[in-house]
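Notes follow once the structure below has been shown.
Model, not experiment: these values are computed from the prediction. Both backbone and side-chain heavy atoms feed into the values below; hydrogens, waters and symmetry mates do not.
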Amino acid sequence: TVPPPPGPPAGAQNPATAALAHTVWRERGSMLLDKIGPAIIMTHSAGGPFGWLVAEIRPKLVKGIVAVEGGGQPFGGANVWGMSTIPVAYDPPVSDPSELKLKEIPSPEPGVATWKLQEGTPRRLKNLQGIPIVLVTSEGSFASPGNPGGVAYFKQAGCTAEELRLVNHGIHGNGHMMMVEKNNREVLQPILAWVAKNVEKGVSAPRVKPGETAMKLSNHGFFWVGTEHKTMPYGTILRGQMYVQYLIPAEVRRPYPVVLVHGGGGQMLHYMGLGDGMAGWAHYYVQQGYKVYLVDRPGHGRAPYHPDALGPIGPNVSYAALTVDTRRSAHAPNRQWPGTGSGDAGDPLIDQLLAAANAAPQDNVMAHGLWATRGGELLDKIGPAIVQVHSAGGPFSWIVANARPNLVKAIVNVEGGGAPFGPGNAWGLTDVPMVYDPPVQNPAELADGKPRGLKNLQGIPIAYVTAERSGRTLGPGVVEFLKKCGCDAEDFQLKDHGVLGNGHFMMMENNRKQVFEAIRGWVEQKVKA
């Protein structure tokens with residue numbers, strides 16, 4: 001049986017869908033290169049065409065293309081323009097793909113599908129001339145033994161192209177996901193050698209001056225917790241996984257790591273600044289010697305949302321919903337929003353902030369239940385930690401401390417969650433059961449007026465942080481509730497610490513380092529090294 005060739009992108013069964021996707025890739029890819037300058041583009045699988053799509057409109061900025069088992073066959077499936085679903089510049093010009101007269105090329109070796117090439121005098125790919133291209137194939141994948149048709153197409157069109165079959169370099173047994181397999185570093189070596197020979201020869205790397213984001217790390221990486229299975233009619237899926245990225249400083253100077261949990265509509269990147277060299281609280285914690293674990297809560301960021309796993313989703317995050325906060329810190333005195341103008345739509349930094357946003361699952365009880373199990377699993381894995389949360393992610397701190405009281409060493413809740421017994425907080429500050437003393441079986445029992453303690457939060461130092469201009473006024477009420485429940489809680493108003501002008505997104509604002517230092521001072525007072 002002849003295995004299928006490297007497949008065209010997802011959606012290629014519908015040429016119009018594939019063409020629309022490729023148009024977007026090309027536009028966004030060109031915007032990226034306009035921003036960062038000349039680059040080598042490496043692609044994989046269904047993303048394979050990205051490299052030559054971008055090179056088509058930014059030929060001077062693409063210095064090499066490495067396509068790892070991706071791109072499909074020339075003139076196969078939706079690739080009506082050759083190795084593209086959308087128009088490319090041929091010389092002589094072509095206004096419609098039907099103008100390209102084709103011939104069938106028989107398979108030259110077992111396991112390789114036939115392909116089509118131009119018949120007669122071939123047209124050249126005008127904008128890809130001089131850009132080295134390599135198509136990489138592993139031994140054990142569906143794409144094996146290789147894609148000679150793709151190389152033949154590019155060569156016929158006057159391009160510099162070749163195949164790189166890993167088996168010819170003594171690398172055996174890899175599948176389609178070779179970049180995550182046991183020998184992934186070995187797989188990379190012939191690719192690096194190709195780049196050095198064909199792209200980087202005689203080119204010296206520019207010296208880069210370290211910026212505010214510079215971190216000396218001994219290790220960094222990621223994992224998911226909560227890989228729970230759910231059976232669907234079409235197969236088994238994952239449900240409610242939570243993404244965790246870790247940054248381990250070269251010199252660890254603090255006894256406990258910090259777990260940073262984002263707010264509603266956000267993701268862990270909120271703690272990494274707003275791009276373009278802007279540092280965030282994650283950088284600052286690492287620079288102070290803390291191990292840092294950044295979380296994407298289920299359904300956000302790199303913990304993807306799907307209704308089959310997490311149920312109905314709310315409306316997407318709008319500019320109006322976001323800028324109600326950024327506008328507050330964008331005016332004098334003590335203007336802290338780093339963007340232009342009024343902190344409203346039209347500010348490029350607002351675009352960056354909104355680009356990371358997505359709505360949350362509508363089932364709040366389900367979401368809080370996932371936070372309890374996923375947060376508990378994370379602490380079981382990394383050990384005792386300081387938990388810092390923000391905004392709609394606020395209940396995460398109470399929920400995880402309730403689930404793992406011996407593993408939470410302090411809580412920094414930055415304008416997080418809602419009012420005690422407010423919407424979504426049936427159990428006080430959460431929508432899932434908390435351990436009260438005396439015990440409670442039903443949240444309705446909490447209305448009987450009897451004083452009860454939050455048993456598992458006792459002894460954990462808690463700071464509820466509020467910015468001067470955020471418009472949030474929950475701090476005193478939340479702290480009063482926690483104190484009545486026997487907790488060691490403090491209403492931490494930034495203005496009382498000389499930190500002025502901040503809004504709800506204080507971790508991204510001009511004085512974010514000043515805000516961080518105020519919080520760090522509290523942490524290191526409460527959690528001794």
Side-chain angles (χ1 to χ4, degrees), residues 24 27-28 31-32 34-36 211-213 243 245 260-285 292 294-305 313-332 334-361 388-394 396 413-417 465-472 494 499 501-516 519:
V24 174
E27 291 173 351
R28 302 311 190 257
M31 291 169 66
L32 172 62
D34 289 343
K35 186 178 182 69
I36 69 173
E212 191 187 12
T213 58
Y243 175 81
Q245 181 170 332
L260 296 174
V261 183
H262 63 85
Q267 52 181 279
M268 52 147 280
L269 293 176
H270 281 185
Y271 295 105
M272 301 292 285
L274 280 167
D276 281 345
M278 178 190 285
W281 289 354
H283 301 95
Y284 299 151
Y285 270 120
V292 173
L294 297 126
V295 163
D296 279 342
R297 294 185 280 106
H300 296 268
R302 288 173 179 155
Y305 176 88
I313 194 171
N316 206 357
V317 183
S318 68
Y319 277 93
L322 199 71
T323 57
V324 69
D325 284 311
T326 55
R327 289 196 304 265
R328 290 189 174 120
S329 60
H331 58 84
N334 304 310
R335 180 181 185 275
Q336 298 298 359
W337 176 250
T340 59
S342 61
D344 212 335
D347 179 345
L349 287 187
I350 299 293
D351 295 340
Q352 293 292 306
L353 183 56
L354 191 63
N358 71 277
Q388 182 166 326
V389 297
H390 177 238
S391 194
F396 188 99
N413 192 309
V414 180
E415 300 188 343
V465 180
T466 307
E468 183 192 28
R469 286 201 185 135
S470 72
R472 268 65 174 179
L494 289 180
V499 184
N502 291 101
H504 190 52
F505 292 102
M506 62 199 83
M507 69 284 294
M508 304 173 193
E509 294 176 342
N510 287 326
N511 65 338
R512 58 196 176 276
K513 184 74 175 289
Q514 184 187 18
V515 178
F516 166 79
I519 292 172

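A distance of 9.5 Å separates OH in Y319 from CG in D347, rounded to the nearest 0.5 Å. Taking CD of Q352 as the start and CG of L349 as the end, the distance is 7.0 Å to the nearest 0.5 Å. Separating the CG atom in D296 from the CG atom in L269 is a distance of 7.0 Å, to the nearest 0.5 Å. Interatomic distance, CG of L322 versus CG of L353, reported as 4.5 Å (0.5 Å rounding). Atoms CH2 and CD, from W281 and Q388 in turn, are 5.5 Å apart once rounded to the nearest 0.5 Å. Interatomic distance, CD1 of I350 versus CZ of R327, reported as 9.0 Å (0.5 Å rounding).
Of the possible donor and acceptor atoms, one in the side chain of T326 sits under 3.5 Å from a partner among the backbone N and O of G343.
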Apply side-chain contact (heavy atoms from CB on, under 4.5 Å) to L494 and E468, showing your working.
CA-CA 6 Å; L494 289 180; E468 183 192 28; 5.8 Å; no
Applying side-chain contact (heavy atoms from CB on, under 4.5 Å), run through Q267 and R302 and close with a yes or a no.
CA-CA 8 Å; Q267 52 181 279; R302 288 173 179 155; 5.6 Å; no
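Between Y285 and I519 the shortest side-chain heavy-atom distance falls below 4.5 Å.
Scanning all heavy atoms of the two residues, the minimum distance from H262 to R297 falls at NE2-N, 3.0 Å. Taking every heavy atom of both residues into account, A359 and G314 meet most closely at CB-O, 3.2 Å.
Applying the side chain to side chain donor-acceptor pair (under 3.5 Å) criterion to N316, with sequence neighbours excluded, gives no partner residue.
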Which side-chain N or O atoms in residues 503-512 pair as donor and acceptor under 3.5 Å with protein atoms at least two apart or in another chain?
residue	atom	partner	partner atom	Å
H504	ND1	E415	OE1	2.5
H504	NE2	S391	OG	2.8
H504	NE2	R472	NH2	3.4
E509	OE1	N502	ND2	2.7
E509	OE1	G503	N	3.1
E509	OE2	S329	OG	2.7
E509	OE2	G503	N	3.2
N510	ND2	Q336	O	3.2
N511	OD1	N502	ND2	2.6
N511	ND2	N502	OD1	2.9
N511	ND2	Q514	OE1	3.3
R512	NE	A279	O	2.8
R512	NH1	E509	O	2.9

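Ring orientation note: the planes of F516 and Y284 are tilted relative to one another, at an angle of 30° to 60°.
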